[in-house]
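Small disclaimer: the values here were computed from a predicted structure and weren't measured. Just so it is clear: chains get the letters A, B, ... in the order the sequence lines come, proteins before strands, and each one is counted from 1.
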Amino acid sequence: MDKKKDPPDKKKAGITIDLISGAFLFALSIYVAIHTYVALPLGTHFNPGPGYVPMLLAIILGILSCIILALGRRSVAFKSLHWPGFFHAVCIVGCCGFSIFAIERLGYRVTVLIILLFLFGYLERLKVWAFLLLTFGLTFGSYWLFHNLLNVPLPLGGFGF
Amino acid sequence: MISDTLPNLILGFATAFTPGNLLWAILGCFIGTMVGVLPGIGPLAGISLLLPLTFGLNPTSGLILLCSVYYGAMYGGSTTSILMRIPGESASVITCIEGYQMAQKGRAGPALAICAIGSYIAGTVAVLGLMFVAPPLARLALRFGPPEYFSLLVLGLMLLGYMSGGSVPKNLSMIALGLLFGMVGIDVITGYFRFIYGVVALGDGLSIVPVAVGLFGLSEIMATAGDPDRPDAIKPRLKDLVPSKHELKVSAAPIARGTILGFLIGIIPGSAHIISTFISYALERRLSKYPERFGTGVIEGVAGPESANNAASTGALVPMLALGVPTGPIPAVLLAALMVHGVTPGPLLITENPVTFWGLIASMYLGNFVLLLLNLPMVGIFVNFLRIPYKYLYPTILMLCIVGVYAVNYSVVDLGIMVVMGVLGYLMRKFEFEAAPAVLGVVLAPIMELSLRQALAMSDGSYGIFISRPISVTFLAATAILLLLAVLPLFKKVAWREKLTKAEKEG
């Protein structure tokens, strides 16, 4: 039987998704509360400081995460989660990370060209003519559309390109 | 009231009927339909990505373009539901049931035509509602002080948490998380930097576009890029589009009921457009002479929910335009778009920017008509978009995400926010959290914090101010009732919440 089509196992839950997410949110609320207390003035009820509302929200988030934790056994087991296309997801995040590094250093066109070459050529294994056509067409087409037609200035790299 | 409205409407039509605005409305409807048709983009990410394109336009033209995309996307979602049994967006899930069954029986054309006609009528009537409800609501809102605004926002967020699918505590925790994200940046009252960790660019706070594109657009691409290809679409012929006299006759009443229901439910925060389709479907089934036929391809089951969906989309604009309070993530992005253009939404919008408000109203009439003209003859073209394999589409959408987010502030920090939100959104899908409450939390955090602090300053630090003022206490009483109702699903399964959760997952 195809494992992907199995319904999520609720009975033998063990560690469930709600236990994990509840614990994460609880830890986050504790961190925000401590950070707020240490770094931001809370002020008074009459004159609330910049830390007043974040502290209030950290307390509310903490209470809600406790409720999620308390009801956590009812949710699906963490083990039963499926991660189809996880490699694609990692590659997409990698491409976005590359764009952060490169867009102002290499310029819009070179950055997008490299990303599309990677996605069409390596990840999707398109035929050479198809991936070259799509990569160059989309890169220069989008630059023309945004930069020239819509007057949205896009960055040029160190090579002036 | 009519004597005030008519000259304003003429002003609006004069604004909307300029060649430039006409072009933006047509372009917006076309792009919106494409966004709605293609699973994987969605109206929210579509509108967010197009936001930078409006920077070169005046506020009225920009808003006309974005609103056209919005209702184009709401309409376009029905095409994939009918032809492929894939909802282009969440509100089209109900249309899958009857619409696809009709398509299987060779009646895809009439189903699409009734969708278009129903959407046109619902959209047009809902704009009438918007025209007459928004101005008095705005006048009422002028009486609101900080305590009333704070209580209204608490009620709105509570409604969103309750009316969205999934678990209520999880939804509320996402609202709290969104509000915390909204705390990043300079405190407007004291000038303190909060949660910026040395990144000066974060001083302005997290802007809505990278947050929305990350949580909705990027996470969607991450979740679907590795999935196998989708099934083939059924392609209807143009000559098959005309519904029979009988089909038109039996669809009239469901369209009328769906329109009224949709508009009224649309004003409520939360997944109102999805809920309105469920209620409309249930109502049509209950009123039908042959309820047993529902589920086998009944045209009333398409006409009612689709009309409700479109009317709800317009209804959602009422609180945004009249009060400056968005009821969902899409109105929140539209609100952000207005603010980018220097227009402050809220009670004074109608009096201070009549050209923008009434131009938008008139463009909605126009947009609904354009959708009707555009979508029926061009359905074949939109179906062809569905045949493009996703491996060609997602790199293109990713490229648009990058350029769209970067171009808002020309900041790589925004790209970083998009990536963080994308990963968070991907994990939220896996761990069954809703993203919409978090987005709305980010948008409302500054107004909410300011209202709370001003109200406390007004009352010498006493929380009693919130229960000593009639409007405020009414909002808080409604919040308390909702809180009690929200506790119910923790102990007992509630049918509509189960259905809503399922629909949002499928969408």
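- Taking each heavy atom of A/Glu104 and B/Val412 in turn, the nearest pair found is CD-CG1, 3.9 Å.
- Between B/Phe433 and A/Leu25 the shortest side-chain heavy-atom distance falls below 4.5 Å.
- For A/Leu138, the parts lying under 4.5 angstrom from a heavy atom of chain B are both the backbone and the side chain.
- Here the closest heavy-atom approach between residue B/Lys430 and residue A/Ile17 is recorded as O-CD1, 4.1 Å.
- Taking CZ of B/Arg194 as the start and CG of A/Leu40 as the end, the distance is 7.0 Å to the nearest 0.5 Å.
- In this structure, A/Ile68 CD1 and B/Leu172 CG are separated by 9.0 Å, a value rounded to the nearest 0.5 Å.
- Taken from CZ in A/Phe131 to NZ in B/Lys391, the straight-line distance is 13.0 Å, to the nearest 0.5 Å.
- By number of non-hydrogen pairs under 4.5 angstrom with chain B, the leading residue of A/Gly49, A/Gly97, A/Gly22, A/Cys95 is A/Gly49.
- Both the backbone and the side chain of A/His45 come within contact range of chain B, each with at least one heavy atom under 4.5 Å from a heavy atom of that chain.
- Contact annotation: the side chain of A/Tyr108 approaches that of B/Met399 to within less than 4.5 Å [non-hydrogen atoms, C-beta and beyond].
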| Step-by-step side chain to side chain contact (heavy atoms under 4.5 Å, CB included) determination, A/Val112 to B/Val403 | CA-CA 9 Å; A/Val112 170; B/Val403 69; over 6 Å; no

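- For B/Ile175, no part lies near chain A; criterion is any non-hydrogen pair under 4.5 Å.
- Looking at A/Leu145, there are no atoms closer than 4.5 Å to chain B (heavy atoms on both sides), in backbone or side chain.
- The heavy-atom pair separating A/Leu119 from B/Pro395 by the smallest distance is CD1-CB, 3.8 Å.
- We find the CG-CG distance between B/Leu398 and A/Leu116 to be 8.0 Å, quoted to the nearest 0.5 Å.
- Per-residue counts of heavy-atom pairs under 4.5 Å with chain A were compared for B/Met458, B/Met428, B/Glu449, B/Met418; the largest is that of B/Glu449.
- Top candidate by heavy-atom pairs under 4.5 Å with chain A, chosen from B/Leu427, B/Asp187, B/Ile189, B/Asp460, is B/Asp460.
- Within the 4.5 angstrom heavy-atom criterion, only side-chain atoms of B/Tyr463, from C-beta onward, approach chain A.
- Chosen from A/Pro155, A/Cys91, A/Ala130, A/Gly43, the residue pairing most often with chain B at heavy-atom distances under 4.5 Å is A/Pro155.
- By the neighbour-count criterion of 12 heavy atoms within 6.0 Å, atom CZ of B/Phe466 is densely surrounded, having more than that number from other residues, nucleotides or ligands.
- For the options A/Phe118, A/Phe87, A/Phe86, A/Phe146, heavy-atom pairs under 4.5 Å to chain B are most numerous at A/Phe146.
- Aromatic ring orientation, B/Tyr392 versus A/Phe120: tilted (interplanar angle from 30° to 60°).
- Annotation: side chain of A/Val76 is in contact with side chain of B/Glu432 (closest heavy-atom distance under 4.5 Å).
- Ring-plane geometry between B/Tyr197 and A/His35 is classed as tilted, the angle between the planes lying from 30 to 60 degrees on a 0 to 90 degree scale.
- Atom OH of B/Tyr192 is surrounded by 12 or fewer heavy atoms from other residues, nucleotides or ligands within 6.0 Å.
- In this structure, the separation between CD1 on A/Ile63 and OG on B/Ser173 is 12.5 Å, given to the nearest 0.5 Å.
- Nearest heavy atom pair, residue A/Cys96 against residue B/Val419, reads CB-CG2, 3.3 Å.
- You'll find the side chain of A/Ser99 stays beyond 4.5 Å of the side chain of B/Tyr406, heavy atoms only.
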| said: Please determine whether side chain to side chain contact (heavy atoms under 4.5 Å, CB included) holds for the pair B/Tyr394 and A/Leu123, giving the CA-CA distance in whole Å, both sets of side-chain angles, and the decisive distance to 0.1 Å. | reply: CA-CA 12 Å; B/Tyr394 84 83; A/Leu123 201 59; 3.2 Å; yes

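- Proximity of A/Ser75 to B/Phe431: side-chain heavy atoms (C-beta onward) are nowhere separated by under 4.5 Å.
- For A/Trp83, the CH2 atom counts as densely surrounded, since its 6.0 Å shell holds more than 12 non-hydrogen atoms of other residues, nucleotides or ligands.
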| request: Determine, stepwise, if the pair A/Val93 / B/Met222 fulfils side chain to side chain contact (heavy atoms under 4.5 Å, CB included). | output: CA-CA 8 Å; A/Val93 173; B/Met222 287 167 69; 3.4 Å; yes

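- Between chain B and the residues A/Ala58, A/Ala39, A/Ala89, the most heavy-atom pairs under 4.5 angstrom are made by A/Ala89.
- For the atom pair CD1 of B/Ile402 and CZ of A/Phe98, the computed distance is 10.0 Å after rounding to the nearest 0.5 Å.
- Heavy-atom contacts from other residues, nucleotides or ligands closer than 6.0 Å to CZ of A/Phe24 number 12 or fewer.
- For A/Leu134, the part lying under 4.5 angstrom from a heavy atom of chain B is the side chain only.
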| query | Run the side chain to side chain contact (heavy atoms under 4.5 Å, CB included) check on B/Lys170 and A/Asp18 step by step: do they pass? | reply | CA-CA 9 Å; B/Lys170 282 175 148 184; A/Asp18 280 7; 2.5 Å; yes

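- Of all heavy-atom pairs between A/Ile100 and B/Gly416, the closest is CD1-CA, 3.5 Å.
- Within the 4.5 angstrom heavy-atom criterion, no atom of A/Thr111 approaches chain B.
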